[in-house]
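Only a predicted model underlies this, so the values are computations on that prediction, with no experimental measurement involved.
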Amino acid sequence: MTEVLIVVAPIFALLAGGWLAVKTGFFPASGLDFLLSFVNRVASPALLFTGAANLEFGVAFDPRVVGAFYLGAVTSFAVGMTMGRKAFGMTPGEAAAFAFACTFSNSLFIGYPVSVRAFGPEAEGPAFAIIGLHAPLLYLVGTLVMETSRRDGKGALAAVREVGLGLWRNPLIWGVALGLIVNLLNLPVPSPIMEGARMLGEASPAVGLFGVGGALAQSRLRGSLKPAFTAALTKTMLHPLLVLGLALAFRAPPDLAKVAVVVAASPGGLNIYLFATLFKRGQDVAAATLLVGTLLGALTIPVWLLIARAAF
């Protein structure tokens, strides 16, 4: 439990800092849109570019582990879409943002450090194998669904052209695509460019969390707590349960499988809010889910650590 609390403490510190800065007027609320726009359109695409460019495909594509993790993720996404529409009466676009919150793990800042602390340095390889695929694949799935859904049910046939244009204009997709091109074609990238992209990418988590904290100061949390708790519970309970069952069914390597379960058990991170703000759908629920999920994860991750150790 202590290890998990140590890992999540900086996340709460940044959220609290952003909240306090906006509440006191130290940071103007009018600047949040510019701050989050920088994260969405510059820093996060740079992070995805460097991640995709440096991904070691030989390590990452163990079909049993990848299949277990991402089949579980897609199932969680589908469950989230259904709950968003049926249980909470959300528009298709809002339901897509809600489903993304049910699916996307805070793999880098919770899943990775918790796995390494729990299982030792040998967990680094499996963790990075999952992390390297995590953002590119789930952002691609989420963006495809969002671009189709955010017309909120109006004229599905007419939406096809808009989906294509939306994907073409999406900086997150470009970050992933350019990184994969560099990786697969083994293209040389000048060191200053790659280092600059790395530096921009490293700014994304801290700046984004500060911005989310500021957004929380303006969000209507009371009306968002029920769907936020539902999304957080789906993320921290359903997703790891699915990954555990599928990994056992696929007879995945134990060292990889237990890390996959822990990463799946990680609550939704900053990206669930960035995703919602990028498409301007479900921002209040996403912000509340980030807060509620991180609190819930501090309680549920130790349980999943024990389950993963026992199962594998």
Side-chain angles (χ1 to χ4, degrees), residues 48 51-52 55-86 95-108 110-112 114-115 123 125-149 173 176 180 230-269 271-272 275 289 293 297 300-301 303-305 307-312:
L48 292 172
L55 179 62
E56 296 182 13
F57 283 92
V59 176
F61 279 98
D62 183 299
R64 294 163 293 180
V65 176
V66 171
F69 188 89
Y70 291 106
L71 280 174
V74 170
T75 302
S76 296
F77 194 99
V79 170
M81 281 291 294
T82 303
M83 288 192 299
R85 294 286 285 147
K86 302 296 185 182
F98 177 80
F100 194 81
C102 294
T103 306
F104 201 97
S105 300
N106 193 344
S107 57
L108 186 58
I110 294 181
Y112 170 72
V114 169
S115 296
F128 273 119
I130 294 172
I131 290 168
L133 289 168
H134 188 244
L137 286 182
L138 293 185
Y139 258 105
L140 182 60
V141 171
T143 301
L144 285 169
V145 175
M146 177 61 83
E147 290 290 355
T148 304
S149 301
I173 295 298
V176 174
L180 290 176
T230 303
L233 196 63
T234 303
K235 180 69 207 68
T236 58
M237 298 301 291
L238 177 61
H239 189 192
L241 180 63
L242 291 169
V243 173
L244 175 69
L246 290 167
L248 289 171
F250 297 161
R251 298 183 180 179
D255 289 343
L256 297 175
K258 62 186 180 183
V259 174
V261 171
V262 172
V263 173
S266 302
N271 285 284
I272 65 175
F275 185 82
T289 302
T300 58
I301 288 176
V303 175
W304 284 110
L305 283 171
I307 293 173
R309 283 194 176 109
F312 302 104

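- Counting heavy atoms from C-beta outward, P267 and I301 have side chains that approach closer than 4.5 Å.
- A pairwise comparison of heavy atoms in R64 and R251 identifies NH1-O, 3.3 Å as the closest pair.
- Closest non-hydrogen pair, T103 versus S76, comes out as OG1-C, 3.9 Å.
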Hey, mind stepping through F312 and L248 against side-chain contact (heavy atoms from CB on, under 4.5 Å) and telling me if it holds? CA-CA 9 Å; F312 302 104; L248 289 171; 3.6 Å; yes

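- In this structure, A231 and F98 approach most closely via the heavy-atom pair CB-CE1, 3.7 Å.
- For R85, the salt bridge (Lys or Arg N to Asp or Glu O under 4.0 Å) criterion is met by no residue, not counting sequence neighbours.
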Could you pull out all donor-acceptor pairs under 3.5 Å where a side-chain atom in residues 252-266 meets a protein atom, sequence neighbours excluded?
unit_1	atom_1	unit_2	atom_2	d
S266	OG	G111	N	3.3
S266	OG	V262	O	3.2
S266	OG	V263	O	3.3

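- In plain terms, the two heavy atoms of F250 and L71 that are nearest each other are CZ-CD1, 4.0 Å.
- Residue I272 holds its CD1 atom at 9.0 Å from SG of C102, rounded to the nearest 0.5 Å.
- If you take OG1 on T75 and CG on L241, they are separated by 11.0 Å, rounding to the nearest 0.5 Å.
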How far apart are the C-alpha atoms of T234 and H239, what are their side-chain angles, what is the distance that settles it, and do they pass the side-chain contact (heavy atoms from CB on, under 4.5 Å) test? CA-CA 7 Å; T234 303; H239 189 192; over 6 Å; no

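- Across all non-hydrogen atoms, the minimal contact from T289 to A232 is CG2-N, 4.1 Å.
- W304 and L244 make their closest contact through CZ3-CD2, 4.2 Å (heavy atoms, listed as atom of the first residue, atom of the second, distance).
- Qualifying side-chain hydrogen bond (donor to acceptor under 3.5 Å, both in side chains) partners for S105, counting only residues two or more places apart in sequence or in other chains: K235.
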Please step through side-chain contact (heavy atoms from CB on, under 4.5 Å) for the pair Y70 and L138, ending with a clear verdict. CA-CA 9 Å; Y70 291 106; L138 293 185; 4.1 Å; yes

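- The shortest distance between side-chain heavy atoms of N271 and F275 does not fall below 4.5 Å.
- Residues F69 and L246 fail the side-chain proximity criterion, which asks for heavy atoms closer than 4.5 Å.
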